[in-house]
2 protein chains.
Amino acid sequence: MADIKKRSGCPVSSSLDIWGDKWSLLIIRDLMYAKQCTYGDFLKSEEKIATNILASRLETLEATGIITRLEHPDSKAKVLYKLTQKGIDMLPILMEIYFWGEKYFVLSDQHKAFLKDVKKDKEGFIKRTNEKLKKAI
Amino acid sequence: MADIKKRSGCPVSSSLDIWGDKWSLLIIRDLMYAKQCTYGDFLKSEEKIATNILASRLETLEATGIITRLEHPDSKAKVLYKLTQKGIDMLPILMEIYFWGEKYFVLSDQHKAFLKDVKKDKEGFIKRTNEKLKKAI
DNA sequence: ATTTGCACTTGCAAAACGCAAGTGCAAGAT
DNA sequence: ATCTTGCACTTGCGTTTTGCAAGTGCAAAT
């Protein structure tokens, strides 16, 4: 692992070279909600990622500077994962995916309420969340 | 093919179920630039997608209503692919990926110029591009 | 000293990917 | 009318990635 080869000079392509798969953005989503997660927290998510896939995604996300691993204050056996600024900067991407999904999928009431709230002030929400996550770094 | 199974009720997850891979968004990118592409046009892109992968991605993007296939006016042997409104609506996602990529990758002068132009009026650019692509439907 | 919890690893079968070559049909050239 | 070219895929096959289940290693609790 370590070197991710770029297929082209296109920034979209280079982005997908890092997190263009079915799982990476879900890990980032979890970290946007929770600020910090343990390995076990990710496994609890509804989509049920396999443990080996999780380990490999965490590895590339850390290698590419999108997340950081740090010690849990309570125990050496636990590990905390957090977003770096590079990861936090993916929030606008994630939000646009939410908005697109809102338009083309049937949402739970919970997701509906969340997005309704966000859309009252999209820029403001992104700014506030950015601040909130920045504090956790 | 046909049925894409949703891993969860999360709109991000459901979106990734459709186009969460290294190629689908590049096809959509090409269509945002070109309005309409033939099979051969996609193959010309810098990233060099394999022909079988292209065929399979075009199939799922069509099956999920993101693109449409239509006859080429010049010849029956050619096929034209275009974005549907559902596909056009992915433009904001694509643009945020561009912005993120701009911040974290080294860009060509061409991409730099493109993004500089876009950022002068992000909302306006998206609106204009939306209109332009809508006409092509 | 033993068990439990947490973060991974490992093994293996199944699916997806990537490359090269092949196929089928339409249109243009001879 | 026949032959060739162009275009849109399809097929075969070796390699890689995925997904599931079980296992490992270490720290902390009992």
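Excluded from the calculations below are hydrogen atoms, water molecules and symmetry mates; all remaining heavy atoms, backbone and side chain alike, are included. Throughout, a chain's letter reflects where its sequence line sits, starting with A, and its residues are numbered from 1. None of the values given here were measured: they were computed from a predicted structure.
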Residue closer to the 5' end of DNA chain D, Ala55(B) versus Trp23(A) (nearest nucleotide) = Ala55(B)

So which of residues 32-52 of chain B are in contact with DNA chain D, with a heavy-atom cut-off of under 4.0 Å?
-> Thr38(B), Tyr39(B), Gly40(B), Thr51(B), Asn52(B)

Here the distance between atom P of dA8(D) and atom CD1 of Ile67(B), to the nearest Å, is 13 Å

With respect to the side chain of Val79(A), which nucleotide from dC8(C), dT18(D), dA27(D) is positioned closest?
-> dC8(C)

How long is the line joining CG of Asp74(B) and C1' of dA8(D), in whole Å?
-> 16 Å

Using only heavy-atom distances, determine whether the side chains of Ser108(A) and His111(A) contain a donor-acceptor pair under 3.5 Å.
-> yes

Will you find, in the side chains of Asp41(A) and Thr38(A), an N or O donor that is under 3.5 Å from an N or O acceptor?
-> yes

Residue-phosphate contact under 4.0 Å: Arg69(B) side-chain N/O, dC9(D) OP1/OP2 | yes

Measure the angle between the two terminal helix axes of the helix from dA1(C)-dT30(D) to dT30(C)-dA1(D), five base pairs each, and quote it to 10°.
-> 0°

Rounded to the nearest 0.5 Å, what's the gap from CD1 on Ile93(B) to CD1 on Ile93(A)? Could you check?
-> 10.0 Å

Anything under 30° is parallel, anything over 60° is perpendicular, the rest tilted; go ahead and classify Phe105(B) against Trp100(B).
-> perpendicular

When you check the side-chain N and O atoms of Tyr104(B) and Asp89(A), is any donor under 3.5 Å from an acceptor?
-> yes

Under 4.0 Å between a side-chain N or O of Tyr81(B) and OP1 or OP2 of dC7(D)?
-> no

In whole angstroms, how far is the C1' atom of dC8(C) from the CD atom of Glu59(A)?
-> 11 Å

Decide whether a cation-pi geometry holds between Arg57(A) and Trp19(A); the criteria are a distance under 6.0 Å from NZ or CZ to the six-membered ring centre and an angle within 45° of the ring axis.
-> no

From dG5(C), dC9(D), dG19(D), nucleotide with atom closest to Ala77(A) side chain = dG5(C)

Is there a donor-acceptor contact under 3.5 Å linking the side chains of Ser24(B) and Asp21(B)?
-> yes

Whole angstrom value for the distance that separates C1' of dC20(D) from CZ of Arg7(B) | 16 Å

Spacing of Lys76(A) atom NZ relative to dC6(C) atom P, expressed in whole Å = 18 Å

Which word best sums up how the rings of Phe114(A) and Phe125(A) line up, parallel for under 30°, tilted for 30 to 60°, or perpendicular for over 60°?
-> perpendicular

Lys22(A) has an atom NZ; how far is it from atom C1' of dC17(C), in whole Å?
-> 13 Å

Roughly, in whole Å, what's the span from CG in Asp17(B) to P in dG19(D)?
-> 11 Å

Please determine if a side-chain N or O atom of Arg57(A) lies less than 4.0 Å away from the OP1 or OP2 oxygen of dT17(D).
-> no

Leu54(A) CG - dC6(C) P separation (whole Å) | 15 Å

Could you tell me whether Glu71(B) atom CD has more than 12 heavy atoms of other residues or ligands within 6.0 Å of it?
-> no

